[in-house]
Amino acid sequence: MNNKKQSLMQNLVSLTKRRGFIFPGSEIYEGIGGIYDLGPLGVELVSNLKKLWWKNIVRERENVVGLDSAILMNSEVWKTSGHVAGFTDPLVECKNCHSRFREDHLPDSRNCPTCGKKDWTDSRKFNLMFKTHIGPVETEGTETFLRPETAQGIFVNFANVVDTMRVKLPFGIAQIGKGFRNEITTGNFLFRVREFEMMELEYFTYPEKAEKDFEYWQKERMDWHLSLGLKKDNLRFREHGANERAHYAARSVDIEYNWPFMGWGELEGVANRTDFDLKAHSESSGKDLSYFDEESKKRITPYVIEPSVGLGRLMLAILFESYSEEKERVFLKLSSKIAPYKVAVFPLLANKPELVKLAKSVYLDVKEEFSAVFDDRGNIGKRYYSQDEIGTPYCVTVDFDSLKDNSVTVRDRDSMKQDRVKIKELKEILKKKL
Ligand code: ATP
């Protein structure tokens, strides 16, 4: 990483910690590898992303429903899905310094990233699933796993959804939830972690329409990322070669982002999972997971198109894209749909009760409509700086004139332009802007 890119990463890590977006997991015990906590502003930002995804994937479509399945599942699920045998990465160990790496992530030179030597053990398959036990007895029979993807919860509920929701092919089941992967090496902040939230859609379709639907979802997902403000130049598709596809996939295309710390890398994956999962679970459970097609009067096992994106990676891409520096300030140029707070309200001076009183009433009024924050610390310049740094699109200031003319100043984060508006029109004006 060159110096500029390295300092961008450092600045972002430090800003997100300092301003309550992201904290290292278990920090007071010196952390835990590849685990992060969302702070108060991080949870707002991520919740906005989840709402936007849900709106786009579920609410705005007639044929997609939601689901929230359990993280822990019967271990048969993971045997049948192929994850016990196949959800592995190739692990090698440096014989000199005993550092462990994913073989496919070694540099082209194959020198050890820790000590520089080139003396590796044979590669072995390392399963990424975290094991746990159900109940008080720890035997092989009680063993299960933390889910590495939410998709299996959707497949095992396929018949439940078909029976209860009167869905007709093609239709989708969407889910947002935690996934866990015991990655061999973590790093690059939120890019590769061991616990992360994912947003997954399993879109069930006719086998002969699968390829067309695959193309459709590829485009839909790319358009969605663009709608969040990610730049076209920083996004591209990359088709997987036959040897890198997951065990269940007939075709996979990544939507890649041009990460400042490593160049192009996966942001979202779109896969054609065929009828692999439904067929495997049908056979293994003995329950019929086929679908009766009214038109052809035949039972078919649908194919599945799956767009799947991690919220941490998405948040990281958005933070990189929005991080801006000008002479006097650092600001996050976040879309107002994503910013944790939409509006901040200040009294010009904190020690003037009449200003504080009016500012509080403006704040309470605005807060009914938008996520808002009140701030009366320090001077006005510092407050602007502080709100810019967390990406608040508008700051509203109550000053001495406000007491006479019932107007306030509205300042725009990006242009820093200030407008005077009537308090009674404020909410309507903000509504138009936000
Ligand atoms: P990679 O090749 O980077 O390991 P993958 O191909 O295993 O990723 P998928 O199985 O397609 O990833 O997972 C779907 C999405 O979940 C990814 O596009 C990514 O956004 C996110 N994701 C996967 N693994 C991680 C991780 N370890 N940390 C953070 N996000 C992840």
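Note that ligands are numbered from 1 as they come in the structure, with each ligand's atoms numbered from 1 the same way.
Closest to atom 23 (C) of ligand 1 among all protein heavy atoms lies Arg181 NH1, 3.5 Å. Protein heavy atom nearest atom 30 (N) of ligand 1, with residue, atom name and distance: Arg313 NE, 3.5 Å. Among all non-hydrogen protein atoms, the one lying nearest atom 1 (P) of ligand 1 is Arg192 NH2, 3.6 Å. Regarding atom 14 (C) of ligand 1, its nearest protein heavy-atom neighbour is Ser308 OG, 3.1 Å.
Of the N or O atoms in Val193, one or more lie within a sub-3.5 Å distance of an N or O in ligand 1. Polar contact check, Val309 against ligand 1: no nitrogen or oxygen pair lies under 3.5 Å apart. Not one N or O of Phe196 is nearer than 3.5 Å to an N or O of ligand 1, by distance alone.
Residue-environment remark: NZ (Lys178) exceeds the threshold of 12 foreign heavy atoms within 6.0 Å. By the 6.0 Å contact criterion, CD on Glu326 is enclosed, its count of non-hydrogen atoms from other residues, nucleotides or ligands being greater than 12.
Which parts of ligand 1 touch Glu268 is read off a 4.0 Å heavy-atom cut-off, strictly below it: atoms 18 (O). Atoms of ligand 1 found under 4.0 Å from any heavy atom of Glu183, numbered from 1 in the order shown, are 24 (N), 26 (C), 27 (N). Heavy-atom contacts of Gly269 reach the following atoms of ligand 1: 18 (O) (cutoff under 4.0 Å).
Salt bridge status for Asp254 with Arg238: present, with a side-chain N to carboxylate O gap under 4.0 Å. A salt bridge links Lys431 to Glu428: at least one charged side-chain nitrogen sits closer than 4.0 Å to a carboxylate oxygen.
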Practice task
Decide side-chain hydrogen bond (donor to acceptor under 3.5 Å, both in side chains) for Ser75 and Glu143; before the verdict, give the C-alpha distance in whole Å, the side-chain angles of both, and the deciding distance to 0.1 Å.
Solution key: CA-CA 7 Å; Ser75 60; Glu143 183 181 282; over 6 Å; no
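Taking the six-membered ring where the residue is Trp, the centroids of Phe180 and Phe145 are separated by 6.0 Å or more.
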For residues 41-53, which side-chain donor-acceptor pairs fall under 3.5 Å, sequence neighbours excluded?
from, atom 1, to, atom 2, distance (Å)
Asn48, ND2, Glu44, O, 3.3
Asn48, ND2, Ile338, O, 3.0
Asn48, ND2, Ala339, O, 3.1
Lys50, NZ, Glu197, OE1, 3.3
Lys50, NZ, Glu197, OE2, 2.8

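Checked by atom type and distance alone, the side chain of Arg413 never pairs as donor or acceptor with a backbone atom of Cys395 at under 3.5 Å.
Using a 4.0 Å cut-off between heavy atoms, Arg102 contacts ligand 1 through its side chain alone, with no backbone atom that close. The backbone of Leu267, and not its side chain, has at least one atom closer than 4.0 Å to an atom of ligand 1 (non-hydrogen atoms only; backbone = N, CA, C, O).
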